[in-house]
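All values reported here derive from a predicted model rather than from experimental measurement. Chain letters run A, B, ... following the sequence lines, proteins first and then strands; every chain starts at 1.
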Amino acid sequence: AQKVTQAQTEISVVEKEDVTLDCVYETRDTTYYLFWYKQPPSGELVFLIRRNSFDEQNEISGRYSWNFQKSTSSFNFTITASQVVDSAVYFCALSGGNTPLVFGKGTRLSVIA
Amino acid sequence: NAGVTQTPKFRVLKTGQSMTLLCAQDMNHEYMYWYRQDPGMGLRLIHYSVGEGTTAKGEVPDGYNVSRLKKQNFLLGLESAAPSQTSVYFCASSYGGTPNEAFFGQGTRLTVV
């Protein structure tokens, strides 16, 4: 069975601080994909990134970066110099073996001005 | 393109009433999904479809039925609503299964009293 654990339920930071959202996953598939989605206060779900199980290179996109480590089954997400607009619920998700996305329970990030 | 559109956006039902949630996508996607989002539970898969005329059960299918008579539409039915079905329902679609990301609708907030 596939499982995604986001141990941090809520995080609160002051604007311009860096923050890391943790994601740990479980799967028996050798080929799988990991995703991050953002859910701002307006409620829609926005796709942020997808990584496959064979590519452990870290990725940086502007203030966002992702650290994928197969050895620890983790796919962590870091926001550098956080802004109020980053306040949202962030979901980590997993898909393998052509199965639908399995989501973690989400981490609510509050960035305070 | 509208993407994924859900109808209605809000609904209040009395216990025992029935209703159908409509999801329409204009991206010619093969796969479609219904998730429910509850506080502290993340998104849980109710049913999904890998193509027109097909449906499959997800993690929490009890109390729901679905139909995919046309490729662009995926209907979620509640035959006899219960307060436990109070939730926010999200429809999503994807081009295929793994590794494609899912695109989500705006959500339907359903309250069963």
Subject >> Side-chain heavy-atom pair A/Phe47, B/Phe103 within 4.5 angstrom cut-off >> reply: no
Original post:
Can you check whether A/Val19 reaches A/Leu109 side chain to side chain, under 4.5 Å on heavy atoms?
Top reply: yes
Subject >> Among the listed options A/Val102, A/Val89, A/Leu101, A/Val4, the residue most often paired with chain B at heavy-atom distances under 4.5 Å >> reply: A/Leu101
**OP:** Indicate yes or no: at least one non-hydrogen side-chain atom of B/Leu43 is less than 4.5 angstrom from one of A/Phe91.
**Re:** yes
Original post:
For B/Leu45, is it the side chain, the backbone, both, or neither that has a heavy atom closer than 4.5 Å to a heavy atom of chain A?
Top reply: side chain
**OP:** Compare all side-chain heavy atoms of B/Phe90 with those of A/Leu45 and state whether any distance is below 4.5 angstrom.
**Re:** yes
So which donor and acceptor atoms of chain A and chain B come within less than 3.5 Å of each other?
| unit_1 | atom_1 | unit_2 | atom_2 | d |
| --- | --- | --- | --- | --- |
| A/Tyr37 | OH | B/Ala102 | N | 2.9 |
| A/Tyr37 | OH | B/Ala102 | O | 2.8 |
| A/Gln39 | OE1 | B/Gln37 | NE2 | 2.9 |
| A/Gln39 | NE2 | B/Gln37 | OE1 | 3.0 |
| A/Arg50 | NH1 | B/Pro99 | O | 3.2 |
| A/Arg50 | NH1 | B/Glu101 | OE1 | 2.5 |
| A/Ser95 | OG | B/Thr98 | OG1 | 2.6 |
| A/Asn98 | N | B/Thr98 | OG1 | 3.1 |
| A/Asn98 | OD1 | B/Thr98 | N | 3.1 |
| A/Asn98 | ND2 | B/Tyr31 | OH | 3.1 |
| A/Leu101 | N | B/Tyr35 | OH | 3.4 |
| A/Leu101 | O | B/Tyr35 | OH | 2.8 |

Original post:
If you measure from OG1 on A/Thr80 to OH on A/Tyr64, what distance do you get to the nearest 0.5 Å?
Top reply: 10.5 Å
Subject >> Over 12 non-hydrogen atoms of neighbours within 6.0 angstrom of NZ in A/Lys70 >> reply: yes
Subject >> Rounded distance [0.5 Å steps], CG in A/Asp18 versus CD1 in A/Ile79 >> reply: 10.0 Å
